[in-house]
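Only one structure is covered here, and it is reproduced in the block below.
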Amino acid sequence: MEDTEANKAEASNGADNYKFLSRRGSHRQNGVIQPLLTDLYQITMAYAYWKAEKTTDCAVFDLFFRKNPFHGEFTIFAGLEEVMKFLDNFHYSDSDIEYLRETLPQSVEPAFFDFLKNLTANDITVHAIDEGCVAFPRIPLLRIEGPLIVAQLLETTLLTLVNYASLVATNAARYRIAAGHNVQLLEFGLRRAQGPDGGLSASKYAYLGGFDGTSNVLAGKLYKIPVKGTHAHAYISSFSDCKELKRRTIKHKDTGEEVDFIDLCRNWKEKLTPDLDVLQEEASDGELAAFASYALAFPDSFVALVDTYDTKRSGLLNFCAVAMALDEMGYEPRGIRIDSGDLAYLSTLARQKFEQIAKKFDRDWFRTLSIVASNDINEETIWSLNEQGHQINCFGIGTHLVTCQRQPALGCVYKLVEINHTPKIKLSEDVEKVTMPGKKDVYRLYGADGHALIDLLVQTGEDAPQAGSKVLCRHPFHESKRAWVNPAKVEPLYHLYWKDGKILRALPQLSDIRQRVADFLKTIRQDHKRNLNPTPYKVAVSDRLYHFIHDLWLENAPIGELS
Ligand SMILES: Nc1ncnc2c1ncn2[C@@H]1O[C@H](COP(=O)(O)OP(=O)(O)OP(=O)(O)O)[C@@H](O)[C@H]1O
Ligand SMILES: O=P(O)(O)OC[C@H]1O[C@H](OP(=O)(O)OP(=O)(O)O)[C@H](O)[C@@H]1O
Ligand SMILES: O=C(O)c1cccnc1
Ligand SMILES: [Mg+2]
């Protein structure tokens, strides 16, 4: 195994973290990611290729998407590290071979299984754009070259590794744009995700896209994502009143003096009742018991879920009472979570009460208590809350983030663009679906203000565009749409990631990729990122590639006959 940064980082996680991860090659990976995690037709095609003596055929495939998700005009590319590990581990085990032998038709020749048994991804070469890079339609995220059979066998697994990862990362990045940078975003989606593996991937890629933490403990352990959380309504409603509490005392943080904490909370509740404009009897005693007990368990990080009975009439008063009691004992409470009702109104009300108490009792920290909001929040809710004005410091987001309800799939495809050095084109009635033939390279051209202007696809072997030199950029299908671009900076987007059975570029830590997403997004103009009717970013081809595509198109399109 190479001593790459990625491997060092992985080793530092400790072997114990990876009990459920399998190690077929050098890199540990979720055990479900293996060569049989594919569609049957990949294997039947492999056999037919083998029978047709196409084992030495050499193919080039592009993996790309055609449309940005969520009515947006950008996508975050994610999943590359898992793709690399998959290639590194690619190998059919004895039991895989046994299963295929039982499953494929009897007519399949035994020698094919010997062939499969010795197959690796070592003869495959992969160029890719960096994980976390902002990507656009038709730009191949990965270019896979090598033996046709192996490249074909990789299709489904690569697509499943990239599609959902990029979709969730993009969703998360959009929530980050909506929420701004002064608000924390927590992913709470495990319970609602598409199964355990979906939940784990969602936590990982939501963090990559810009979330700050997750409630998913296994994701925290495996991917070193900060784990965060509060408590549930069940916890609050499991307490009936303060009389039932067995543990009541707390020691002062500095002096060690021990007092009855429940009495202290009740005293504060009485004292604060007029400030909160409620009647003491309206505020649930069971809720106070729950809050006080949680504060006894976590005096240094007390957060209370305030909406079980009534946020305004019960939760806020009980929280403020416990918070002041904790303060008296030398501890600093954290804040509240609101999980129902009008989140703009309730968060503003809560902040107003916090400020009132801060002023009256000269407790400055009360002003800045954290207000967490949850309950079916989506991107639109955040934009709407922004417009209404809110006082939320942290959003806990589950269902809409992980299920990507607004668009449940990114349509990445995997298309053959060259076979044995002959370019291939896939024609379609729908012009947008016509593939770009041949091996291509891709460059991002920047303007003088540092913003990305256009992505340019050129034929591999063509001169790269140069900073300070005009280059003709053409729409791939509309002849009249073309422009001269004089870039201030040119960035090649492809890097050689995999060749001769080795990962050739360091795979950064998840937190570094997360930072990269934020940095890349800064280079994308605001109008491409806005929520409503964003401007499409331009993806162009060079003049040479334009003519090449259209000549091949004419060559391949049959001429119809009218009679
Ligand atoms: N001020 C607001 N502006 C826009 N949307 C909001 C606002 N406050 C809350 N929401 C959203 O409105 C929806 C309220 O849903 P619903 O009416 O089912 O919940 P609820 O009745 O408040 O809570 P529950 O049924 O869980 O007790 C949620 O999706 C929430 O995120
Ligand atoms: O709303 P989401 O974005 O999915 O965020 C996660 C939700 O999970 C919890 O609810 P719970 O499972 O207790 O169910 P609930 O919908 O009845 O509150 C929590 O209180 C949030 O409301
Ligand atoms: O910690 C929380 O508050 C939490 C975790 C998961 C789902 N809902 C809320
Ligand atoms: Mg809820």
Side-chain angles (χ1 to χ4, degrees), residues 188 215 228-253 255-341 343 346-347 349-351 353-354 356-358 360-361 363 365-366 369-375 394 396:
F188 282 175
S215 61
K228 301 266 167 69
T230 66
H231 47 244
H233 294 109
Y235 174 80
I236 307 295
S237 42
S238 74
F239 290 82
S240 299
D241 56 53
C242 287
K243 288 196 289 296
E244 72 183 342
L245 297 180
K246 298 188 185 89
R247 242 322 288 279
R248 301 178 63 98
T249 61
I250 189 169
K251 281 188 179 148
H252 192 283
K253 191 170 178 182
T255 65
E257 184 200 353
E258 192 160 357
V259 305
D260 186 317
F261 187 61
I262 310 304
D263 283 348
L264 195 58
C265 292
R266 288 190 125 161
N267 290 344
W268 271 109
K269 186 168 174 178
E270 211 176 311
K271 225 185 284 181
L272 292 171
T273 301
D275 300 297
L276 283 137
D277 289 333
V278 291
L279 301 172
Q280 215 187 129
E281 313 76 70
E282 284 180 320
S284 160
D285 194 42
E287 187 180 57
L288 182 70
F291 288 179
S293 300
Y294 209 74
L296 286 174
F298 298 102
D300 271 319
S301 55
F302 172 61
V303 178
L305 174 60
V306 292
D307 72 329
T308 307
Y309 301 111
D310 190 316
T311 301
K312 197 170 164 182
R313 311 206 162 278
S314 182
L316 280 179
L317 175 60
N318 281 330
F319 166 75
C320 292
V322 176
M324 288 303 268
L326 270 180
D327 171 71
E328 201 174 317
M329 298 310 291
Y331 300 95
E332 202 171 302
R334 292 269 173 87
I336 58 170
R337 172 161 78 99
I338 309 171
D339 189 44
S340 59
L343 299 172
L346 290 173
S347 65
L349 176 81
R351 183 70 67 208
K353 295 295 171 198
F354 293 168
Q356 201 177 311
I357 292 171
K360 179 164 174 185
F361 295 94
R363 301 284 200 286
W365 56 266
F366 224 105
L369 282 167
S370 191
I371 300 176
V372 182
S374 51
N375 188 23
C394 172

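These numbers come from a predicted model, not from an experiment.
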Between [X] and [Y] (side chain of the first, backbone of the second, donor and acceptor by atom type, cut-off under 3.5 Å), is there such a pair?
X	Y	result
His231	Ile236	no
Glu258	Thr249	no
Ser215	Gly229	no

Counting heavy atoms not belonging to [X], are there more than 12 under 6.0 Å from its [atom1]?
X	atom1	value
Glu244	CD	yes
Lys271	NZ	yes
Phe361	CZ	yes

Go through it in stages, so that I can follow the logic: the residues are Asp285 and Arg266, the test is salt bridge (charged side-chain N to carboxylate O under 4.0 Å, His left out), and I'd like the CA-CA distance, side-chain angles, deciding distance and then a yes or no. CA-CA 9 Å; Asp285 194 42; Arg266 288 190 125 161; 3.2 Å; yes

Hey, could you give me the [atom1]/[atom2] distance between [X] and [Y], rounded to the nearest 0.5 Å?
X	Y	atom1	atom2	value
Ile357	Trp268	CD1	CH2	9.0 Å
Lys251	Tyr331	NZ	OH	9.0 Å
Leu346	Thr311	CG	OG1	5.0 Å
Glu287	Cys242	CD	SG	10.5 Å
Leu288	Asn318	CG	CG	4.5 Å

Kindly determine whether Tyr235 and Leu305 satisfy side chain to side chain contact (heavy atoms under 4.5 Å, CB included), including the steps that lead there. CA-CA 9 Å; Tyr235 174 80; Leu305 174 60; over 6 Å; no

So Phe302 and Phe319, would you call those rings parallel, tilted or perpendicular, with 30° and 60° as cut-offs? parallel

Carboxylate-amine/guanidinium proximity below 4.0 Å for Asp300 and Lys253: yes

Salt-bridge test for Asp263 and Arg248: reply yes if a basic N is under 4.0 Å from a carboxylate O, no otherwise. yes

Pick out which of Met329, Met324, Lys269 makes a side-chain contact (heavy atoms from CB on, under 4.5 Å) with Leu264. Met329

Using side chain to side chain contact (heavy atoms under 4.5 Å, CB included), reason through Ile250 and Leu326 one step at a time and then give a plain yes or no. CA-CA 9 Å; Ile250 189 169; Leu326 270 180; 4.1 Å; yes

Checking side-chain polar atoms at under 3.5 Å, does Ser374 have a donor or acceptor matched by the opposite partner on Asp339? yes

Could you walk me through whether Glu282 and Asp310 satisfy the side chain to side chain contact (heavy atoms under 4.5 Å, CB included) test, starting with their C-alpha distance in whole Å, then the side-chain angles of each, then the deciding distance to 0.1 Å, before giving a yes or no? CA-CA 9 Å; Glu282 284 180 320; Asp310 190 316; over 6 Å; no

